[in-house]
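Counting starts at 1 for both ligands and their atoms, in listed order. As the structure is a computational prediction, the values presented were derived from the model and not from experiment. Position 1 is the first residue of the sequence; numbering continues from there.
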Amino acid sequence: MAIERTFSIIKPDATKRNLTGAVNAIIEGAGLRIVAQKRIRMTREQAETFYAVHKERPFFGELVDFMISEPVVVQVLQGENAIARYREVMGATNPANAAPGTIRKEHALSVGENSVHGSDAPETAAIEIAQFFAGNEIVG
Ligand code: IDP
């Protein structure tokens, strides 16, 4: 299996409840390495660009408002099959459907306030990483 990098966000509901370390413990326990990480306050423009794929969805405004409501932690995770592996570790979008032990089952509040983001494919991972990190900020 290939060593990949994926992009992760610890979302406002989790940072607000001081769960950055708890989420990172699950990430590292799953064998993924945090090779870049920073805590930022997203601008409205950054959030709208990041979630542009959802701009026609009814929840878009709510999603953008949520993402800028508190600081977030943006990360690059590295490991074997990291993109699919992190999606497994995150659990289903709606925490009610997430498997035990996943980040969303353990910590998420609702389908919107669901604690983490993870890229869904190699192409999106590359675009999302480049939106938030310069190459020299990622130390593998
Ligand atoms: P994902 O984060 O599991 O990849 P997506 O369907 O890509 O899920 O949705 C992106 C984000 O939009 C979700 O993580 C969640 O925060 C938000 N979202 C998705 N569906 C809803 C909804 O029905 N109501 C409110 N927010 C939603």
With side chain to side chain contact (heavy atoms under 4.5 Å, CB included) as the criterion, how do Glu4 and Asn81 come out once you've worked through the C-alpha distance, each side chain's angles and the decisive distance to 0.1 Å?
CA-CA 6 Å; Glu4 289 177 334; Asn81 213 15; 4.1 Å; yes

Per-atom filter on ligand 1: closer than 4.0 angstrom to a heavy atom of Leu63 are 12 (O), 16 (O), 17 (C)

Looking only at distances, please establish whether an N/O atom of ligand 1 is found under 3.5 Å from an N/O atom of Arg57.
no

Any chance the side chains of Arg5 and Gln78 put a donor and an acceptor closer than 3.5 Å?
yes

Would one find an N or O of Arg87, backbone or side chain, under 3.5 Å from an N or O of ligand 1?
yes

Is His54 in contact with ligand 1, taking contact as a heavy-atom separation below 4.0 Å?
yes

Looking only at distance, does Gly112 have an N or O less than 3.5 Å from an N or O of ligand 1?
yes

Where is the nearest protein heavy atom to atom 8 (O) of ligand 1: which residue, which atom, and how far?
Thr93 OG1, 3.3 Å

Plane angle bin for His117 and Phe50 - parallel if under 30°, tilted between 30 and 60°, otherwise perpendicular
perpendicular

Please confirm whether Phe60 and Tyr51 have ring centers closer than 6.0 angstrom.
no

Give the numbers and elements of all ligand 1 atoms closer than 4.0 Å to a heavy atom of Lys11.
13 (C), 14 (O), 15 (C), 16 (O)

When you measure from the centre of the six-membered ring of Phe133, is the NZ or CZ of Lys38 under 6.0 Å away and within 45° of the axis?
yes

Hey, does Tyr51 come in under 3.5 Å of ligand 1, counting only N/O atoms on both sides?
no

Yes or no: does Asp120 have any heavy atom under 4.0 Å from an atom of ligand 1?
no

Counting heavy atoms only, which part of Met67 comes closer than 4.0 Å to ligand 1: side chain, backbone, both or neither?
neither

Tell me whether Arg41 is salt-bridged to Glu70, with the criterion being a basic N under 4.0 Å from an acidic carboxylate O.
no

Determine whether a donor-acceptor pair (N or O, by modelled atom type, separation under 3.5 Å) exists between the side chain of Arg87 and the backbone of Asp120.
no

May I ask you to decide if Ala108's main-chain N or O and Asn114's side chain share a donor-acceptor pair within less than 3.5 Å?
no

Based purely on interatomic distance, does His117 place a nitrogen or oxygen under 3.5 Å from a nitrogen or oxygen of ligand 1?
no

By number and element, which atoms of ligand 1 are closer than 4.0 Å to a non-hydrogen atom of Asn114?
13 (C), 14 (O), 15 (C), 16 (O)

Any side-chain heavy atom of Glu128 within less than 4.5 Å of one from Ser119?
yes

Can you tell me which residue and heavy atom of the protein come closest to atom 25 (C) of ligand 1, and the distance to 0.1 Å?
Phe59 CB, 3.6 Å

For atom 15 (C) of ligand 1, which protein heavy atom lies nearest, and how many Å away is it?
Val111 O, 3.2 Å

Which atoms of ligand 1 are found less than 4.0 Å from any heavy atom of Arg104?
1 (P), 2 (O), 3 (O), 14 (O)

Other residues, nucleotides and ligands only: do more than 12 of their heavy atoms fall within 6.0 Å of CZ on Arg33?
no

